[in-house]
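The shown structure was predicted, so the numbers you read here are calculated from the model rather than taken from an experiment.
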Amino acid sequence: MTTSTDADLEAFTAEWQVWHRQQEARMSARHGFLAITSLHWLEAEPQRFPDAPGAWSTGPDGVVVDLDDDEELVVEGEAVRGRHCFGVLPERGGVDAVWGEAVIEVAKRSGRDIVRPRHPDNPLRTAFTGTPTYPPHPRWAVTGRYVPFDTPRPTTVGAVVDGLEHVYDAPGRLEFELDGQPLSLTAFPGHAPGTLSVLFTDATSGATTYAANRSLVVSPAEDGTAVLDFNRATNLPCAFTDLATCPLPPAENRLPVAVEAGEKLPRERGGA
């Protein structure tokens, strides 16, 4: 006999499975992070790379590529040949230039211009079989409260690449309890309007989950109520590849409890 509790868990799990399939599809997209084949930090001196066309450089006027006569990129729908200036890129911004089946990401990270080619046939992508997870359970969907700061707080965090830093304007913190223990997490602005992004580690980090970070998206209600569904804690790209520049959590976001929910250590890093 199926009880209401069993039915609730089945419905919760089914909803989570839809979300996780979407998450896996984003990670394994043709030109997603698993397709990256290299990471190049640009200099004033033009450089050529084996997995991208042209000679690339950067300077006061931004990123420039000089293409040979037989080379072509498509930038914002327009075919370009010869010399092309991408201009000065905003921090954490970028442009995707199409080269045949590949995409050449031109971006700025931690104040420096980079080129990251993305090839759909990269073995890391073609061999991807999914990410291990903890079984979803409603106990890890915790209702807390969003407490905005009087003014956003500039917060500097490290990165998985030594020597890099990321700076965010933290708008507030999320306060909640796990197993009766009061906890809080500093939140950064999310990608979608009305959302917050939380970077954290916990007592599982470096054991069953990726050591450096995990990420959680939270959408507070107008009254400040916020559900932190740790079943939807995800790995950042750096959990899969060394060719990412992911930020580390602020020091106060190192939770002293074991959050046995969400994505585990990827198989690509030895997870099971």
Side-chain angles (χ1 to χ4, degrees), residues 2-24 26-27 131-153 155 157 168-236 239 246-265:
T2 300
T3 66
S4 60
T5 301
D6 292 337
D8 290 345
L9 179 57
E10 288 178 5
F12 184 88
T13 300
E15 185 177 346
W16 176 89
Q17 288 171 335
V18 170
W19 166 83
H20 199 245
R21 282 195 295 269
Q22 295 171 342
Q23 171 67 19
E24 298 278 72
R26 284 191 292 270
M27 181 56 64
T131 304
T133 68
Y134 286 98
H137 196 282
R139 76 170 293 259
W140 293 107
V142 181
T143 298
R145 175 161 295 279
Y146 171 56
V147 181
F149 299 138
D150 291 337
T151 58
R153 296 179 182 176
T155 304
V157 297
Y168 298 92
D169 285 331
R173 67 178 178 272
L174 292 156
E175 298 178 344
F176 59 101
E177 289 188 1
L178 275 178
D179 295 332
Q181 183 171 351
L183 301 167
S184 68
L185 290 166
T186 295
F188 296 148
H191 292 295
T195 65
L196 300 170
S197 175
V198 180
L199 301 174
F200 73 96
T201 58
D202 64 274
T204 70
S205 303
T208 56
T209 63
Y210 182 55
N213 50 35
R214 283 194 291 167
S215 177
L216 184 65
V217 176
V218 180
S219 302
E222 289 187 8
D223 65 356
T225 302
V227 175
L228 291 83
D229 188 353
F230 287 101
N231 296 287
R232 303 192 180 196
T234 59
N235 291 313
L236 294 179
C246 302
L248 299 176
E252 64 270 22
N253 283 15
R254 298 169 185 167
L255 298 177
V257 297
V259 180
E260 295 178 326
E263 292 189 335
K264 293 184 175 182
L265 184 67

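Using bins of under 30°, 30° to 60° and over 60° for the plane-to-plane angle, the ring pair H20/W16 lands in the parallel bin.
The side chain to side chain donor-acceptor pair (under 3.5 Å) search around Q23 returns R26, not counting sequence neighbours. Checked against side-chain contact (heavy atoms from CB on, under 4.5 Å), P138 has the following partners two or more places apart in sequence or in another chain: L9, F12. Judged as a side-chain contact (heavy atoms from CB on, under 4.5 Å), and not counting sequence neighbours, P193 has no contacts. Scored by the side-chain contact (heavy atoms from CB on, under 4.5 Å) test, D223 finds A221, T225 as partners (sequence neighbours excluded). For V217, the side-chain contact (heavy atoms from CB on, under 4.5 Å) criterion is met by T195, not counting sequence neighbours. Not counting sequence neighbours, Y134 has no partner by the ring-ring contact (aromatic ring centres under 6.0 Å, His included) test.
Within the 4.5 Å cutoff, no side-chain heavy atoms of Q22 are placed close to those of M27. Put simply, the side chain of L199 does not reach to within 4.5 Å of the side chain of L248, judged on heavy atoms.
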Practice task
List the steps, then state whether side-chain contact (heavy atoms from CB on, under 4.5 Å) holds for L265 with T209.
Solution key: CA-CA 4 Å; L265 184 67; T209 63; 5.7 Å; no
Exercise for the section: For the pair L174 and V198, evaluate side-chain contact (heavy atoms from CB on, under 4.5 Å) and give the outcome as yes or no after the intermediate values. Expected result: CA-CA 9 Å; L174 292 156; V198 180; 3.5 Å; yes
Practice task
Walk me through it: do L216 and L228 pass the test side-chain contact (heavy atoms from CB on, under 4.5 Å)?
Solution key: CA-CA 8 Å; L216 184 65; L228 291 83; 4.0 Å; yes
Practice task
Give the C-alpha distance, both sets of side-chain angles, the deciding distance and a yes or no for side-chain contact (heavy atoms from CB on, under 4.5 Å) between T151 and D169.
Solution key: CA-CA 9 Å; T151 58; D169 285 331; over 6 Å; no
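Applying the salt bridge (Lys or Arg N to Asp or Glu O under 4.0 Å) rule to pairs touching residues 172-198 yields R139-D179, R173-E175, sequence neighbours excluded. For residues 246-260, every residue pair satisfying the side-chain hydrogen bond (donor to acceptor under 3.5 Å, both in side chains) rule, not counting sequence neighbours, is listed here: T186-E252. Residue pairs meeting the ring-ring contact (aromatic ring centres under 6.0 Å, His included) criterion with at least one member in residues 188-233, sequence neighbours excluded: Y168-F188, F176-F230, F200-F230. Residue pairs meeting the salt bridge (Lys or Arg N to Asp or Glu O under 4.0 Å) criterion with at least one partner in residues 227-236, sequence neighbours excluded, are E15-R232, D229-R232. Annotation: salt bridge (Lys or Arg N to Asp or Glu O under 4.0 Å) contacts involving residues 200-220, sequence neighbours excluded, comprise D202-R214.
Expressed to the nearest 0.5 Å, how far CG of N235 lies from CG of N213 amounts to 8.0 Å. To the nearest 0.5 Å, the span separating CH2 on W19 from OG1 on T234 amounts to 6.0 Å. Note that OH of Y146 is 13.5 Å distant from CD of E222, once rounded to the nearest 0.5 Å.
Across every non-hydrogen atom of L196 and P171, the tightest pair is CD2-CG, 3.9 Å. In plain terms, the two heavy atoms of P249 and V157 that are nearest each other are C-CG1, 4.2 Å. Across L183 and P256, no two heavy atoms sit closer than the pair CD2-CD, 3.8 Å. For L255 against S184, the heavy-atom pair with the smallest separation is CD2-O, 4.2 Å. Nearest heavy-atom pair across P250 and T155 is CB-CG2, 4.3 Å. Looking at every heavy atom in both residues, A261 comes nearest to A233 through O-CB, 4.4 Å.
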